[in-house]
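Keep in mind it's a predicted model, so treat the numbers as computed, not measured.
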Amino acid sequence: MCLENMRVLLAIASEAFTHPRLMLEFWREDESGARLLLNSAISRFPMQLKQTLATLLPLAADPSSVHEVYQLLAAIPFYTEPATEQSLKNCVDCEDCEALLVLTKPRVLYHEEAKRLGCRPMVIPEGTVAQVCGDLMRWQHAFSAWEWFTLMCANLLGTGGGADDPSFISSIEDATGVARLVSQILKHDFATFITEFQPLVSLYHSVLQRFYALPSPPVDFIAVCLECISVTTRPENQGKKAWTLLARTGFTPYLLSSVSSIESVSVAPGHYGQLLNVWERPRGVYPVTMAMLDLLLNIVEGKGEEDRDGE
């Protein structure tokens, strides 16, 4: 099946998943219907990340599907990448099957990113078997997509791409889809998943701090990261701490001096103010502002509940 046809079918399936009964049927299926399309995309992960996210996002919008979505991505059975000189390095033919290759030395992915984050890199161990399918190479190596998402975002933060860089644009689109998925899951079950997603949410603070200054900032990605951070400010979820972390990035407006009277108040717009003035107002589209207002509403509601609990 060609990629364009698969995208059309997944788009239709995504609309169908808004119906609770069809969503339930999806998880009961294994190798038929829309589940077959998702399994096909998963088998080529992360090369078909966009198709995977297009299917899982509507499923994650329903609380009854959140755990299934998480578990599916926690155990990806294959790692697929372009068959390049680098990926073929340290590979030999498999003695049992000429169509397969065997890795002779461990392959470490995202080493520098993992070092910066203080976490384990992704390692394809020695002896792992790979199948070359045209210009793709599929390793029989199970891994957590959630850990890979974190390393991918760290890698993205280390790049300096722009609006004329197709690779950077594609990576931003992928990262935006991931942030939407994380936000959906946290909205439905914050307590269960916040520990797992905390390293990724922390990186979203760095996105706000660094990407606003790009010549053509990824406004939609910034807005979705802000939405995800906003979830951590909900009434039961330490709004003051989340706001403090956000303020440290320089994203929020801040006072330039101490307040002696209303007339003397001087406020710096922060990174948000720059995005609003330079990018949102001229276009008449305000995704960052809407996310910012949602965050403020969550903090105010949370403060109100704290006050009531203290009475």
With a 4.5 Å cut-off on side-chain heavy atoms, are [Y] and [X] touching?
| X | Y | value |
| --- | --- | --- |
| Leu276 | Val288 | no |
| Tyr272 | Leu226 | no |
| Leu109 | Phe143 | no |
| Leu156 | Asp174 | no |
| Cys153 | Tyr204 | yes |
| Asp189 | Tyr70 | no |
| Phe251 | Ile222 | yes |
| Leu101 | Met137 | yes |

Enter the distance from [X]:[atom1] to [Y]:[atom2] here, rounded to the nearest 0.5 Å.
| X | Y | atom1 | atom2 | answer |
| --- | --- | --- | --- | --- |
| Glu81 | Arg107 | CD | CZ | 4.0 Å |
| Phe149 | Ser144 | CZ | OG | 8.5 Å |
| Ser43 | Ile76 | OG | CD1 | 10.0 Å |
| Leu200 | Leu151 | CG | CG | 10.0 Å |
| Ile42 | Leu72 | CD1 | CG | 4.5 Å |
| Leu59 | Ile185 | CG | CD1 | 10.5 Å |

#### Entry: Option from Thr252, Leu246, Thr232 for which side-chain contact (heavy atoms from CB on, under 4.5 Å) with Leu295 holds
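Considering Thr252, Leu246, Thr232, a side-chain contact (heavy atoms from CB on, under 4.5 Å) with Leu295 is found only for Leu246.
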### Task
For the pair Leu186 and Val201, evaluate side chain to side chain contact (heavy atoms under 4.5 Å, CB included) and give the outcome as yes or no after the intermediate values.
CA-CA 11 Å; Leu186 287 177; Val201 174; 4.2 Å; yes
Do the side chain of [X] and the main chain of [Y] share a donor and acceptor less than 3.5 angstrom apart?
| X | Y | value |
| --- | --- | --- |
| Glu280 | Thr289 | yes |
| Asn298 | Ser230 | yes |
| Glu227 | Ser183 | no |
| Thr52 | Gln48 | yes |
| Thr233 | Ile229 | no |

### Task
List the steps and the verdict of side chain to side chain donor-acceptor pair (under 3.5 Å) for Arg44 and Ser40.
CA-CA 7 Å; Arg44 293 171 175 81; Ser40 176; 3.1 Å; yes
Closest non-hydrogen atom pair between [X] and [Y], with its separation:
| X | Y | value |
| --- | --- | --- |
| His188 | Ala60 | CD2-O, 3.1 Å |
| Tyr79 | Pro46 | CE1-CD, 3.8 Å |
| Arg281 | Tyr286 | CA-OH, 3.6 Å |
| Leu214 | Pro217 | O-CD, 3.2 Å |
| Pro287 | Asp220 | CG-OD1, 3.7 Å |
| Cys91 | Thr104 | N-OG1, 4.5 Å |

Using atom types as modelled, flag every donor-acceptor pair under 3.5 Å from a side chain in residues 110-125 to any protein atom, sequence neighbours excluded.
from, atom 1, to, atom 2, distance (Å)
Glu113, OE2, Asn155, ND2, 2.7
Arg116, NH2, Ala154, O, 3.1
Arg120, NH2, Glu147, OE2, 3.4

### Query
Any link between Phe45 and Leu136 through a network of hydrophobic side chains (Ile, Leu, Val, Met, Phe, Trp, Tyr) touching at under 4.5 Å?
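Per the 4.5 Å side-chain linkage, Phe45 and Leu136 are not co-clustered.
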### Task
Check the hydrophobic clustering (I, L, V, M, F, W, Y; side-chain heavy atoms under 4.5 Å; chains of links allowed) and say if Leu245 and Trp243 are grouped together.
no
### Query
Under 3.5 Å, is there a donor-acceptor pair between the Arg180 and Thr176 side chains?
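Note: Arg180 and Thr176 side chains miss the donor-acceptor criterion.
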### Task
Begin with the C-alpha distance, continue with both residues' side-chain angles, and end with the deciding distance and a verdict on side chain to side chain contact (heavy atoms under 4.5 Å, CB included) for Leu157 and Phe211.
CA-CA 8 Å; Leu157 282 165; Phe211 281 2; 4.2 Å; yes
### Task
May I have the step-by-step check of side chain to side chain contact (heavy atoms under 4.5 Å, CB included) for Gln140 and Phe78, ending in yes or no?
CA-CA 5 Å; Gln140 295 179 15; Phe78 303 102; 3.8 Å; yes
### Task
With sequence neighbours left out, write down each residue that passes ring pair (Phe, Tyr, Trp, His ring centres under 6.0 Å) with Tyr212, or none if nothing qualifies.
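Tyr212 satisfies ring pair (Phe, Tyr, Trp, His ring centres under 6.0 Å) with His271 once adjacent residues are dropped.
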